[in-house]
S.K.: 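One structure, as structure tokens, below. Some questions next.
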Amino acid sequence: MQPATQLTGQTRFHGHIVDVVAGEIFPGLIEICDGNIASIQRTPTAPPQWIMPGLIDAHIHIESTMLPPSEFSRLATVHGTVATISDPHEIANVLGMEGIRYMIEDGQRGAVKFYFGAPSCVPATCFESAGATMDAGQIGQLLQSSDIHYLSEMMNFPGVIHGDAEVMKKIALAAASQKPVDGHAPGLRGKDVATYIAAGITTDHECTTLAEAREKMALGMHILIREGSAAKNFNDLAPLIQENYARCMLCSDDLHPDDLVKGHINLLVKRALALGFEPMHVLRCASLHPVRHYHLDVGLLQAGDPADFIIVDNLDDFNVLSTCINGTIVAAGGASLLPCQPATTINHFLACARTAADFRIPAAGSQIEVMVAMDGQVFTRREVVEATVEQGEVVADIPRDLLKIAVINRYQSDAKPAVAIIRGFGLRRGAIASTVAHDSHHIIATGTSDAAICKAVNMLVREKGGICAVDDDSSMQLPLPIAGLMSDRDGYQVARRYAGLNRFVHDLGCPLSAPFMTLSFMALLVIPALKLSDKGLFDSEHFAFTPLWRC
């Protein structure tokens, strides 16, 4: 692989200049000196290429790509990404301040400009066991750092609405630091959302309907249109770009490695352009708006700016020809020019091996609560069904797609697994398991028998983190030695391995497009309706534990 090319002296780029600040496109010549834009000159004509500011993901958990920041850079820059608004919430729930420091330091080894936030909810709720706790005092320390640029998504919207003292102190610390506060308010409407926004929360990436997004926009929020590996809201929310583009940004939130190889924010830009939206509006959502909202030191193709830009073939196909960050060409011709750098590993994992008997559900009634997973969504539905009981125990009912799901505390060696019933994964045999399980990242597994679940769980215990799938006589896994969330391998190899695991799971009968991504959200208690924590079944709508048995 060729090394990244540093542009020394004065280097010129000639093409159609897309000026998102002035809102015009013109033929021009850009001169670069010492990593900055020295000048931009208008010319009578230009070659058939368009030069514009680089693309920015306005909200992403880098950990979701299963790559450390430095390796994420290699893959993302190929697609024109020059910066991200990165919430290190995932690794913070595993390792606290040590995890945040790891992300910042590793990010400095990459080309992408990573703008990390201070995680506002560690743990996300008091209804689960986290690997770390971060109080307002620690958040205040982080917000004083020049490496921290905002208060990350405030998932505890009940705490905001009811004026919880610790929650409000964190928001006040962000305000005192003059740093924005990101939101997370799925489905919140009416008086409650008005109270939430009035507290000083400026964005939301959880909207799933136009009505919800319009209401939040009318109250002053910026809406981040999300399209990730699990939550796919672009089709529903894209009309916002026509209606009120000035309050829109684009984000992925959670993006698995196989999807990152295919594209990033460039794909959302391409889709928006294909819908006939005004190119300047779309490109401002992908560059200008996050730069201004989060006060980023990212170039916008103005004289004196850092030379952060991309070159594309045209505004229809929008193929990224090259990416430049701080005057360095980091990707060209669809390939990364950045070297793969070995990453150090850190972890927090104490779980021990299990037996099949640990996943028993003794019969205690006839009707049982069921979590229902849905493709392309992080929400679940809830159902009540007749339990299938054999010899006094609940068993999986494969014809009815009723499987067992378990969450096992990774931070204790002897904690009893929480076990429930789930529908939607469609496995006909075997089991899958993962230590990517939002937000505390315990081991989560679902399968067709106690023995299969146990086999999958114990594979991850041996590796101290990862994802895996098992059948009676075969198995496949991807170890994730960095906090049980990220790999230390080459990103393209990780993507291929992950894609292979998805195929393996589909062969087991699962119809979900991203089974591991969907599985990871089955423990996210702040998203309705029914989820499973390491402490039991949780009703996210009433924010309380709920019995497994209805009667």
S.K.: Any ring-ring contact (aromatic ring centres under 6.0 Å, His included) involving residues 389-408? Give me the pairs, sequence neighbours left out, ordered by first then second residue.
M.R.: none

S.K.: Any donor-acceptor pair under 3.5 Å linking the side chain of D253 with the backbone of R226?
M.R.: no

S.K.: For R189, is there an ion pair with E212 - N to carboxylate O distance below 4.0 angstrom?
M.R.: no

S.K.: Run the side-chain donor-acceptor check on residues 462-484: report pairs under 3.5 Å with partners two or more places apart or on a different chain.
M.R.:
{"from": "D471", "atom 1": "OD2", "to": "R429", "atom 2": "NE", "distance (Å)": "2.7"}

S.K.: Side chains of N266 and I310, heavy atoms from C-beta outward: is any pair under 4.5 Å?
M.R.: no

S.K.: Is there a side-chain contact between N156 and V526 (heavy atoms, below 4.5 Å)?
M.R.: no

S.K.: If the condition is side-chain contact (heavy atoms from CB on, under 4.5 Å), which residues does A499 pass it with, not counting sequence neighbours?
M.R.: D258, R503

S.K.: Side chain of D450, backbone of A357: donor and acceptor closer than 3.5 Å?
M.R.: no

S.K.: Mind listing the closest non-hydrogen atom pair of N502 and S513 along with its distance?
M.R.: ND2-O, 4.4 Å

S.K.: Looking only at heavy atoms, what is the nearest atom pair of I56 and S287, with distance?
M.R.: CD1-O, 3.6 Å

S.K.: Where do G430 and L427 come nearest, in terms of heavy atoms and distance?
M.R.: O-CD1, 4.1 Å

S.K.: So H205 and H59, would you call those rings parallel, tilted or perpendicular, with 30° and 60° as cut-offs?
M.R.: parallel

S.K.: So if I apply the side chain to side chain contact (heavy atoms under 4.5 Å, CB included) rule between V494 and each of M486, R489, E71, which one comes out positive?
M.R.: R489

S.K.: Where does the angle between the aromatic ring planes of F543 and F127 fall among parallel (under 30°), tilted (30 to 60°) and perpendicular (over 60°)?
M.R.: perpendicular

S.K.: Restricting to non-hydrogen atoms, name the atom on C285 and the atom on Y245 that form the minimum distance, rounded to 0.1 Å.
M.R.: SG-O, 3.6 Å

S.K.: Under the salt bridge (Lys or Arg N to Asp or Glu O under 4.0 Å) test, which residues partner D87, sequence neighbours left out?
M.R.: none

S.K.: With sequence neighbours left out, write down each residue that passes ring-ring contact (aromatic ring centres under 6.0 Å, His included) with H256, or none if nothing qualifies.
M.R.: Y498

S.K.: Could you check whether the rings of H442 and Y411 sit parallel, tilted or perpendicular, using 30° and 60° as the cut-offs?
M.R.: perpendicular

S.K.: Would you please name every residue forming a ring-ring contact (aromatic ring centres under 6.0 Å, His included) with H79, sequence neighbours left out?
M.R.: none

S.K.: Would you call D490 and R74 a salt bridge, using N to O less than 4.0 angstrom?
M.R.: yes

